[in-house]
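Order of the sequence lines fixes the chain letters, A, B, ..., with proteins taken first and strands second; residue numbering starts at 1 for each chain.
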2 protein chains.
Amino acid sequence: MAQNNHKKYRNSKQRTKILEILKSTKDHPTAVRIYEQLRTEFPALSLGNVYRNLNILVEQGQISELRFGSTFDRYDGDIRPHYHFICEGCGSIEDLDIEHEDVLNKKVEENTNYKVNHHRLEFYGQCENCLQ
Amino acid sequence: MAQNNHKKYRNSKQRTKILEILKSTKDHPTAVRIYEQLRTEFPALSLGNVYRNLNILVEQGQISELRFGSTFDRYDGDIRPHYHFICEGCGSIEDLDIEHEDVLNKKVEENTNYKVNHHRLEFYGQCENCLQ
DNA sequence: TTGAGTGCAAACTATTTGCAACTGG
DNA sequence: CCAGTTGCAAATAGTTTGCACTCAA
């Protein structure tokens, strides 16, 4: 996903500030929120540029990205709770046979003041075909 | 997410067939793939209708949905591997303080022929504010 | 001076929706 | 018959990209 085919980076006030914002908050802001926050300082800032810089920062490994968008929803006829393996080579998604750990929800509840209803666990790597 | 505000459902050949397809495969097809597969049987079928029916089936609890799309990407200045809690009430995302279980990757590798690079674990529920 | 960065607008992709016609119970 | 379902096309929403201009090294 985050290849290192980008060769050289220069400094830019915008990118520096985006990184600063992300390093100084425990929020997990969206691109739009970052954009809004920066508009006061850079009135001409464009949202496209925020996206560009976020991608560069991810590429550089300086931030990480929690993807909830940009790809496909997948549908599953099996409604029992189970975990998935996602191949980063071919994109295939496989059900995993390891047991569902309901106890994890409890563990989180013990450490927080949240009510936990369910969790989602996905493993990423290469499937048999893509390993060869 | 999947409220039960939908009152009554009728049968439809299209929806029945979509469910059949999902129940009979271990793939995790996208809406488009299901659409393509059904086009031979229902040449006039529209993609919009596939989406509508998939949402209804999710609403009915007959299938489940692995969301990779449809919402926002979130960015995180903390690149150490850690888990997240996502509030289903207000959408806020919090870092969790429970330890990162690298051992899970090994466990999956022992049970499969896959190479596992990393995993992602998210808990869903209500945060303190939304509980009141 | 030169190629990385920028703003802008248009393009793209996945998904949703309004509408008039249709159909199953 | 009537509310749920459909196809179609247009609309949305988040993200990416082409282009001409700018700026940092």
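Two end axes, each from the C1' atoms of five base pairs, can be drawn for the helix from C:dT1-D:dA25 to C:dG25-D:dC1; they diverge by 30°, to 10 degrees.
Note that CG of B:Asp27 is 7.5 Å distant from CD of A:Glu94, once rounded to the nearest 0.5 Å. One finds the CG atom of B:Leu22 at 9.0 Å from the OG atom of B:Ser64 (value rounded to the nearest 0.5 Å). Rounding to the nearest 0.5 Å places NE2 of B:His118 at 12.0 Å from CG of B:Asp102.
At whole-Å resolution of the value, CG in B:Leu66 and C1' in C:dA14 are 16 Å apart. One interatomic measurement links the two molecules: CD1 of B:Ile56 to C1' of C:dG24, which rounds to 14 Å at whole-angstrom precision. With rounding to whole Å, A:Leu38 atom CG is found 14 Å from C:dT6 atom C1'. B:Tyr75 has its OH atom 8 Å from the C1' atom of D:dT15, to the nearest Å. Look at CG on B:Leu54: it is 13 Å from C1' on C:dT16, rounded to the nearest Å. Taking atom CD of residue A:Glu36 and atom P of nucleotide D:dG14, one finds them 11 Å apart after rounding to whole Å.
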### Task
Start with the C-alpha distance between B:Asn117 and A:Tyr124, add both sets of side-chain angles, then the distance that settles side chain to side chain contact (heavy atoms under 4.5 Å, CB included), and finish with yes or no.
CA-CA 6 Å; B:Asn117 299 327; A:Tyr124 294 83; 5.5 Å; no
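Between A:Glu41 and A:Arg39, none of the side-chain N atoms (NZ, or NE/NH1/NH2) sits under 4.0 Å from a carboxylate O, so this pair counts as no salt bridge. Taking 4.0 Å as the cut-off between side-chain N and carboxylate O, A:Glu109 and A:Lys107 do not count as a salt-bridged pair.
Residues from residues 45-53 of chain A placing a heavy atom under 4.0 Å of any atom in DNA chain D, listed by number, are A:Leu47, A:Gly48, A:Tyr51, A:Arg52.
Side-chain N/O atoms of B:Ser12 include one lying less than 4.0 angstrom from OP1 or OP2 on D:dT6. Residue A:Asn11 places none of its side-chain N or O atoms closer than 4.0 Å to OP1 or OP2 of C:dG5.
Applying the ring-ring contact (aromatic ring centres under 6.0 Å, His included) test to B:His82 and every residue at least two apart in sequence or in another chain returns B:His84.
Within the 3.5 Å criterion, the main-chain N or O of A:Ile21 finds no donor-acceptor partner in the side chain of A:Thr25.
Classification of the B:His119-B:Tyr83 ring pair by plane angle, with boundaries at 30° and 60°, yields tilted.
If you check distances only, the side chain of B:Arg10 never reaches the base of C:dG25 with a donor-acceptor pair under 3.5 Å.
The side chain of B:Gln14 lies closest to D:dT6 when the candidates are D:dA24, D:dT6, D:dT5.
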